[in-house]
Structure formats: C-alpha cells, structure tokens
Amino acid sequence: MALLVETTPSGREYKVKDMSQAHFGRLEIELAEVEMPGLMGCRAELGPAKPLRGARITGSLHMTIHTAVLIETLSALGASIRWCSCNIFSTQDHAAAAVARDAAAVFAWKGETLHEYWWCAERALDWGPGGGPDLIVDDGGDITLLIHEGVKAEEEYERSGTLPDPASTENTEFRIVLGLIRGSIVVDPRKYRKIKERLVGVSEETTTGVKRLCQMQANGTLLFPAINVNDSVTKSKFDNLYGCRHSLPDGLMRATDVMIAGKIAVVCGYGKCWQGLCRCSKVCRCTHIIMVHHMKKMKNNAIVCNIGHFDNEIDMHGLETYPGINRITIKPQTDRWVFPETQTGIIVLAEGRMVNLGCATGHPNFVMSCSFTNQVIAQLELWNERATGKYEKKVYVLPKHLDEKVAALHLGKLWSEAHQAHSGASCLY
C-alpha cells in the first residue's frame, strides 16, 4: 500500500484500506453501542458540557468496532483525535473506515507490515507545527516508547552530534523505530521534545505497557504521568485469559495450564487433546517461551498461538530461519510450518501475535465497555488535573471513587438484563 495520507471532503486526514466499507462499519458501531452502556452513559452524562474541549488525543489501540465507540465517545466529550492500531493484524477495516469518514483521523488497516505500522504511529502523533497531542491512549506502550526513544535520541544528538544507528540492534522492529527517529532528527531535531513538553499524560490499556511504564518510573526516565487502566477493578475482572477461557469449548484450552505473564495460549490439536501433549504451565518469563525446538517436538498440526502484545513470546524468528522449513499459508493469519526432517508441522495463528484480534474480533461489547469506560474516565482525570500537580511523572491507578463510577455506569444495564432473564426473556450477558 502506498504510504500517502488522504483527506476526507471535510479535510480530515486518514489512511485506511477501503473507505467504501464505512457504511458497513457504521451499522456495526450502532449495534455495539447498545451493548456498551458505560461509554453511552459517559456521552449522556458528560457530553453536553464537552469536558475534553480543546484536548488533542492520540490513540494507539486496536482499531475495532469496540474502539470506534471509544473514539466517538471521546469526540462527543469535545476532544480532537488521531488514531492508529497497536497491532499489525487487529484492525477491522470497516471500523477504521467508518471512524475516518465520520469522527477522527485514522491510520490503520489489517495486515500492516512493520514499516507501515510505525508509519501509522508517526501519523497519529503528527498534529502539525504546534506540537503533538495533549493526551495519549496507549495499548502496549508503543506510542509511549516512540516518544521516549525520540527524546533520548534528540538529547544525544544535541550533546554529541550522534544520530541513532538502526544497525546497533538485532531487533527488526526496533531497527525501524531507530530509523524513523533518525529521519525525524534530520528534519526537526526537537520534534519529540516538543511533543513531550505539551503532553499531559497517558492512560495505558494493558499489562505490557504497564510493565514498560513501571520500568521507566523505576529508573527515573518516565517523561509524563501515566494512569494504569489495566489494573482498575472494573477492567481486570474481564482480562484476556478470562475472555479466551470462556470463548473456547471446555477442554480446548485450560487457563490454569496457560502461561500467565506472557499470556501464551498453546492449543494442541482439537477437543481434549491438550493433556500430555504440550504443557507450558507456570512459565515466568515474558519472552522466548515457546522456542523452535519445542515446536519441532509437537504433535503434527498442533495449533500454536499467543494472546500477548508482541511476537517474541513464540520464537517466530527461529521458525522463520529454520533451515529448509516450508511455510504454507492456509488463509490469512493461518500458516502451517512443515519441518524438513519429519514432514510434520505446526499451525501458527496470526504470525505469533494476538490471536483473539488477529483471527477473531476480540471480546464481547459489554466487556470492552467496562475497559474503555475506564479509559474515558482516566483521560478526563488527567485533563482535569493537568494544572494542579496532582499527577507527577509516576504510574497511578484510578482512584477508588472513579473505579466505582465505571461500575455504576454499567449497573443499570446489568439490572435490566437480569430482570429480563428472571422474567423469562433472553439475557445478553
């Protein structure tokens, strides 16, 4: 895909796969809104006052139908928004088209290359000569990482004249990041520092990003306040493992046998074939958990997948560079890798990245309403307290009364559904 920014008739920038899908996306967004009471409650209660008026928000979070409702809620509260996805496979193209047409600048499509992914991240941060965003909604911390690495490189360039060197790392993705920053310094050696100076803070969606933030706080390099949405009570009740465990038939995946820190799911065959074939329980590392030598020993056509943020929990590099390996694409995001010695293979989903969004559509609407209402409340909290000094360059969780506010926004819908179930009507949740 040619990396050229396009504009709507109203002048809004975007880059999506197919704008003709916008009508389809709008229909699905309207269906989702019915099952996302927290976000719709925010619009009804707070929308008239426009409490985010004047705020620029950059988002890096899976560009799905659920996220479309989040974006349009932030917009209804007065914010201006630029958005990209946080995973190369997680965009729903009809959702991206609908939001790009109707509500916000969107740069996302399903099946991005890594170069395209980071180009989209740069576009989401590009608010023109007036600096960057005021607020960030992040999932996994990639936008936060890009800003921190950009600031560090600019300061080093000012001090020593040294530009970042992509060849200094063996990590393919980080090479791309360093290349982007190197190019930006040549054009504007203060680009990322101007972004940092304007930023009020970030609200982080998931475990990976929170771990990054906590590491930066610990070593004194965190550049702006952060709210950890991941550990809000109303969000953490519906985490990834819970969602996967209850989305698959009993016996196909046992959450107790699944790696905790890296959120790995390895499904060996079908039915109840898990036992005895491939157990990866109680793993404590977050990277390089399932290596190529493990995969070589698996039962023929074992299904290997991951619900972590990156592709380094599963040794994809080792698989891709294994001598004589044969990759057969069954369909997009479903590949059979055949080992030359045995002519048996494994099936890898979503190239080792987030399977629930790479190969499916994520969580139910109501679950994401809980999570994303926390995001809205966190953005409001950072914006409202931007001049008070309440939030330092540290990682926070939402205060208890705001967590309870999120719960309260959902209780009405839950009571309504419970009453319908008790009276014999069908229950959605």
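Small disclaimer: the values here were computed from a predicted structure and weren't measured.
Under the side chain to side chain donor-acceptor pair (under 3.5 Å) criterion, Lys400 pairs with Glu404, sequence neighbours left out. By the side chain to side chain donor-acceptor pair (under 3.5 Å) test, Trp127 pairs with Thr58, sequence neighbours left out. By the salt bridge (charged side-chain N to carboxylate O under 4.0 Å, His left out) test, Lys50 pairs with no residue at all, sequence neighbours left out. Partners of Lys110 under the salt bridge (charged side-chain N to carboxylate O under 4.0 Å, His left out) rule, at least two apart in sequence or in another chain, do not exist in this structure. Partners of Asn171 by side chain to side chain donor-acceptor pair (under 3.5 Å), not counting sequence neighbours: none found. Partners of Ala76 under the side-chain contact (heavy atoms from CB on, under 4.5 Å) rule, at least two apart in sequence or in another chain, are Arg43. Contacts of Glu385 classified as salt bridge (charged side-chain N to carboxylate O under 4.0 Å, His left out), with partners at least two apart in sequence or in another chain: none. Shown here are the side-chain contact (heavy atoms from CB on, under 4.5 Å) partners of Cys214, two or more places apart in sequence or in another chain: Val210, Val395. With sequence neighbours left out, Arg198 forms a salt bridge (charged side-chain N to carboxylate O under 4.0 Å, His left out) with Asp134. Every residue two or more places apart in sequence or in another chain was checked for a ring pair (Phe, Tyr, Trp, His ring centres under 6.0 Å) with Phe174, and none qualifies.
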For residues 96-103, please give each side-chain donor-acceptor pair under 3.5 Å, one per line with the distance, not counting sequence neighbours.
residue : atom : partner : partner atom : Å
Asp102  : OD2  : Arg26   : NE           : 3.1
Asp102  : OD2  : Arg26   : NH2          : 2.9

Give every donor-acceptor pair under 3.5 Å between a side-chain atom in residues 220-229 and any protein atom, sequence neighbours left out.
residue : atom : partner : partner atom : Å
Thr221  : OG1  : Asn219  : OD1          : 2.6
Asn228  : OD1  : Asn230  : N            : 3.0
Asn228  : OD1  : Asp231  : N            : 3.1
Asn228  : ND2  : Asp231  : OD2          : 2.6

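Remark: the Ser232 side chain and the Asn374 side chain contain an N/O donor-acceptor pair separated by less than 3.5 Å. Under 3.5 Å, the side chains of Glu320 and Trp337 contain no donor-acceptor pair of N or O atoms. Defined by atom type and a distance below 3.5 Å, a donor-acceptor pair is present between the side-chain atoms of Gln379 and Ser203. Checking Asn306 against Glu313 by side-chain atom types alone, a donor-acceptor pair falls below 3.5 Å. Asn87 and Tyr117 form no side-chain donor-acceptor contact under 3.5 Å, judged by distance and modelled atom types alone. No side-chain donor-acceptor contact under 3.5 Å links Ser60 and Asp139. Donor-acceptor pairing under 3.5 Å is lacking for the side chains of Glu204 and Thr144.
Here the side chain of Thr334 pairs no donor or acceptor atom with the backbone of Ile330 at under 3.5 angstrom. With hydrogens and angles disregarded, no donor-acceptor distance shorter than 3.5 Å links the side chain of Gln375 to the backbone of Leu70. Side chain of His94 to main chain of His23: no donor-acceptor pair is present (N/O by atom type, distance under 3.5 Å, no hydrogens or angles).
The pair Arg386-Glu381 does not meet the salt-bridge criterion, since no charged nitrogen lies less than 4.0 angstrom from a carboxylate oxygen. Under the 4.0 Å criterion applied to side-chain N and carboxylate O atoms, Glu149 and Lys152 are assigned as salt-bridge partners. Taking a cutoff of 4.0 Å between a charged side-chain nitrogen and a carboxylate oxygen, Glu351 and Arg353 do not qualify as a salt bridge. Look at Glu155 and Arg193 and you find no salt bridge, because none of the NZ, NE, NH1 or NH2 atoms lies under 4.0 Å from a carboxylate O.
Considering CD of Glu33 and CE of Met40, their distance stands at 4.0 Å, rounded to 0.5 Å. We find the CD-CD1 distance between Glu122 and Ile181 to be 8.5 Å, quoted to the nearest 0.5 Å. The CZ atom of Arg123 lies 7.5 Å from the CZ atom of Phe107; values are rounded to the nearest 0.5 Å. In this structure, OH on Tyr157 lies 10.5 Å from CD on Glu154, to the nearest 0.5 angstrom. Between Glu173 atom CD and His115 atom NE2 the span is 10.5 Å, to the nearest 0.5 Å. Expressed to the nearest 0.5 Å, how far CE of Met354 lies from OG1 of Thr208 amounts to 8.0 Å.
Residue Leu74 is tested with Leu39, Leu52, Leu380 for a side chain to side chain contact (heavy atoms under 4.5 Å, CB included); the sole match is Leu52.
Closest approach of Ala350 to Val355, counting heavy atoms only: CB-CA, 4.3 Å. A pairwise comparison of heavy atoms in Asn384 and Pro51 identifies OD1-O, 4.3 Å as the closest pair. Here the closest heavy-atom approach between residue Thr373 and residue Cys42 is recorded as CG2-SG, 3.9 Å. Heavy-atom minimum distance, Cys84 versus Ala121: SG-CA, 3.8 Å. Here the closest heavy-atom approach between residue Ser75 and residue Ile81 is recorded as N-CD1, 3.6 Å. Heavy atoms only, all atoms of each residue included: Ser85 and Thr91 are closest at CB-OG1, 3.2 Å.
Counting heavy atoms from C-beta outward, Ile143 and Leu125 have side chains that approach closer than 4.5 Å. Counting heavy atoms from C-beta on, the side chains of Trp383 and Val200 come closer than 4.5 Å. Counting heavy atoms from C-beta outward, Leu199 and Leu135 have side chains that stay 4.5 Å or more apart. Counting only heavy atoms from C-beta outward, the side chains of Thr361 and Gln92 approach each other to under 4.5 Å. Side-chain contact check for Met63 versus Ser90: every heavy-atom pair is 4.5 Å or farther apart. Counting heavy atoms from C-beta on, the side chains of Ile346 and Ile303 never come closer than 4.5 Å. Inter-residue side-chain proximity for Leu409 and Glu45 is flagged as met; some heavy-atom pair is nearer than 4.5 Å.
Residues Tyr391 and Tyr396 place their aromatic rings such that the two centres sit under 6.0 Å apart. When ring centroids are compared, His148 and Tyr192 stay outside the 6.0 Å threshold.
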